[in-house]
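Since the structure comes first, as structure tokens, the remarks are kept for the end.
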Amino acid sequence: MAEFQEISKLSALHPKPAGLVLQYGTSGFRTNAKQLDHIMFRMGLLATVRSKKTKATIGVMVTASHNPEEDNGVKLVDPMGEMVTQDWEEHATQLANADQEDLLTALKNIIEKEAINMSQEANVFVGKDTRSSSASLSQAVLDGVSALGGHSKDYGLVTTPQLHYMVCCQNTQGKYGEATVEGYYTKFCQAFIQLTKNTSNRTDDQKHLCLDGANGIGALKVREMESHLKKELQISLNNDGSKGRLNHQCGADYVKVQQKPPTGIKINPGERCCSFDGDADRIVYYYTDSEGTFHLLDGDKMATLISTFLKELLTQAGLDLKIAVVQTAYANGSSTHYLENTMKVLVRCTKTGVKHLHHVAQEFDVGVYFEANGHGTVLFSKAAEEKIQQLAEDTNVNDERKKAALLLRNTINVINQTVGDAISDMLLIEAILAIKGMTIQQWDTIYTDLPNRQLKVKVADRRVIDTTDAERRAVTPAGLQEAIDNLVKKYRQARSFVRPSGTEDVVRVYAEADTQESADALAHEVSLAVYRLAGGVGDEPKPLH
Ligand code: 16G
Ligand code: MG
């Protein structure tokens with residue numbers, strides 16, 4: 001076929017370095033940008049084939065999120081704006097690793113296996129972050145699409161969640177919104193303004209938010225969005241990319257891992273601050289108190305605030321809808337305890353990675369999902385949206401129910417349901433705080449986090465660790481879980497688990513306990529157990545203190 005000749009010719013312009021093997025990781029391929037040109041071309045091919053298969057528009061986002069500037073990566077977006085299905089991750093890995101001369105065979109295998117009609121039209125949306133390598137890498141994706149005769153639209157610089165949004169808008173014929181950056185701002189900002197409309201006693205101080213844009217795409221996009229907010233939210237933007245390096249000592253990942261404010265930002269005591277990550281699909285909040293102590297409000301705190309708000313509204317609206325919070329093993333034990341015992345909401349635990357949380361959240365009328373690291377959103381079932389819409393339009397309901405229904409309707413519209421979105425999450429949190437008249441300190445005191453510690457252990461092969469029960473228990477190597485159980489027993493309110501990372505060649509260790517000393521000691525002892533039982537390499541882990 002003519003298109004296959006074209007591929008042979010064009011793929012030679014995007015050659016694969018011999019011997020390089022890469023895996024489609026937790027959320028796509030990610031490595032040093034220099035190794036990615038062939039991957040991008042091939043993902044252009046794969047997205048085109050996926051588009052033919054689904055008869056819908058597919059998205060390809062070029063970004064390495066919170067990773068260093070010199071890295072890059074690529075994520076595929078499925079028709080409803082969700083992450084690509086797992087069986088296609090396999091195809092992605094096959095295609096990415098085929099030797100140059102075997103590329104056509106690998107592609108044909110996928111086409112055959114998936115019974116794809118090659119005469120079907122294909123459409124691919126492409127976006128990129130601000131990394132200097134992103135321009136040529138996204139061009140390689142576009143080359144891949146055109147090599148197979150697909151149509152493409154290059155959105156240029158957009159956040160990851162903006163690209164997810166575009167794909168969903170396109171495939172729902174505009175029902176989700178208009179598939180433009182302008183459409184995105186209009187939809188989410190209008191909902192925000194509606195939500196905060198009756199909170200007229202908000203002072204300028206309360207409307208003020210200090211934002212760390214991680215020197216990335218999120219900063220650019222917030223600047224573009226600002227005028228749509230009509231001063232209802234006044235953002236002072238730091239780390240906007242004009243000086244500092246992307247993700248360098250700033251951004252959501254840095255703040256969460258280091259448990260300290262980013263550089264490049266001056267924080268006044270008590271001031272409400274937040275940080276985005278490098279592609280703006282993660283957000284964390286924080287403040288420092290009058291003694292200069294840093295307080296982090298992570299994904300667990302956001303899930304709690306949002307689910308409490310939604311549960312109250314559902315009760316006021318008299319709607320019998322099932323709400324649940326989806327977390328991972330990293331969720332602080334205090335948050336789970338508070339949600340289950342005080343809020344009486346159903347809590348579910350899944351494996352790490354947005355796609356896992358997203359799928360479980362889809363099982364409920366209202367599924368709030370967040371990873372502790374700040375990835376998350378809320379999903380409303382179609383039935384839930386319809387019930388809320390009906391109630392909002394019903395002229396025969398009392399004022400309280402009506403008001404709650406209207407708030408719920410605007411809440412749905414301020415949320416990017418396709419994927420966790422720092423911009424949309426920020427607008428939602430800001431709206432909730434405004435409606436509740438709550439300060440960040442008051443939000444922080446809803447529950448107190450248990451002290452915790454995360455460590456990494458290097459082992460010869462991290463695949464020797466296999467886990468079950470949403471990664472909370474290790475099945476292999478033999479004896480490891482028993483060792484962890486015995487260590488945990490030594491401490492109060494303690495919990496610990498280990499899992500192989502999906503993005504780095506390490507085993508991750510998590511521990512929490514009643515004091516920081518205990519959490520640190522437990523994390524260290526568990527690291528030693530991993531080192532000894534799972535083939536540790538290099539020096540033995542040292543105690544933290
Ligand atoms: C990826 C995931 C993130 C997860 C992290 C875990 C997405 C969009 N991103 O960054 O959700 O928390 O991996 O990394 O799914 P780890 O396996 O190295 O601990
Ligand atoms: Mg990210």
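Everything numeric here is computed off the predicted structure, so don't read it as measured data. Atoms within a ligand are numbered from 1 in the order they appear, just like the ligands themselves.
The closest donor-acceptor contact from the side chain of Asn332 to the backbone of Leu450 lies under 3.5 Å.
Look at Ser65 and the Mg ion (ligand 2): an N/O/S atom of the residue is under 2.8 Å from the metal.
Neither the backbone nor the side chain of Lys355 comes within 4.0 Å of ligand 1, counting heavy atoms alone.
The pair Arg50-Glu114 does not count as a salt bridge, with every side-chain nitrogen at least 4.0 angstrom from each carboxylate oxygen. Between Glu70 and Lys34 there is no salt bridge, since no side-chain N of the basic residue sits under 4.0 Å from a carboxylate O of the acidic one.
Remark: ligand 1 atoms within the under-4.0 Å shell around heavy atoms of Asn373 are 12 (O). Residue His375 has at least one heavy-atom neighbour below 4.0 Å for each of these atoms of ligand 1: 3 (C), 7 (C), 8 (C), 9 (N), 11 (O). The contact set between ligand 1 and Met83, taken as ligand atoms under 4.0 Å from a residue heavy atom, comprises 8 (C).
Side-chain N/O atoms of Ser133 and Asn72 include a donor and acceptor closer than 3.5 Å. In this model, no donor atom of one side chain and acceptor atom of the other lie less than 3.5 Å apart for Arg245 and Asn215. Side-chain atoms of Arg499 and Tyr330 form a donor-acceptor pair, as typed in the model, at a separation below 3.5 Å.
Checked against a 3.5 angstrom limit, the closest N/O atoms of Thr352 and ligand 1 fall outside it. For the pair Thr503 and ligand 1, the shortest N or O to N or O distance falls below 3.5 Å. Considering both main-chain and side-chain atoms, Arg508 comes within under 3.5 Å of ligand 1 through a nitrogen or oxygen pair. The shortest N or O to N or O distance between Arg499 and ligand 1 is under 3.5 Å. The shortest N/O to N/O separation between Glu371 and ligand 1 falls below 3.5 Å. Between Gly502 and ligand 1, at least one pair of N/O atoms sits closer than 3.5 Å. Where the criterion is an N or O separation shorter than 3.5 Å, residue side chain and backbone included, Val354 meets it with respect to ligand 1.
At least one cation-pi condition fails for Lys458 and Tyr531: the charged atom is not both under 6.0 angstrom from the six-membered ring centre and inside a 45 degree cone around its axis. Because its NZ or CZ atom is both nearer than 6.0 Å to the ring centre of Tyr447 and within 45° of the ring axis, Lys301 counts as a cation-pi partner of that residue.
Side-chain atoms of Ile58 and Val167, non-hydrogen and from C-beta on, never get closer than 4.5 Å to each other.
For atom 2 (C) of ligand 1, the nearest protein heavy atom (residue, atom name, distance) is Thr26 CG2, 3.9 Å.
Closest to the Mg ion (ligand 2) among the N, O or S atoms of Asp277 is OD2.
Take the Mg ion (ligand 2) as the corner point: the lines to OD1 of Asp279 and to OD1 of Asp281 open at 90°, to the nearest 10 degrees.
At most 12 heavy atoms of other shown residues, nucleotides or ligands fall within 6.0 angstrom of atom CD in Glu482.
Of the listed residues (Gly376, Ser27, Ser501), the one carrying the non-hydrogen atom nearest atom 1 (C) of ligand 1 is Ser27.
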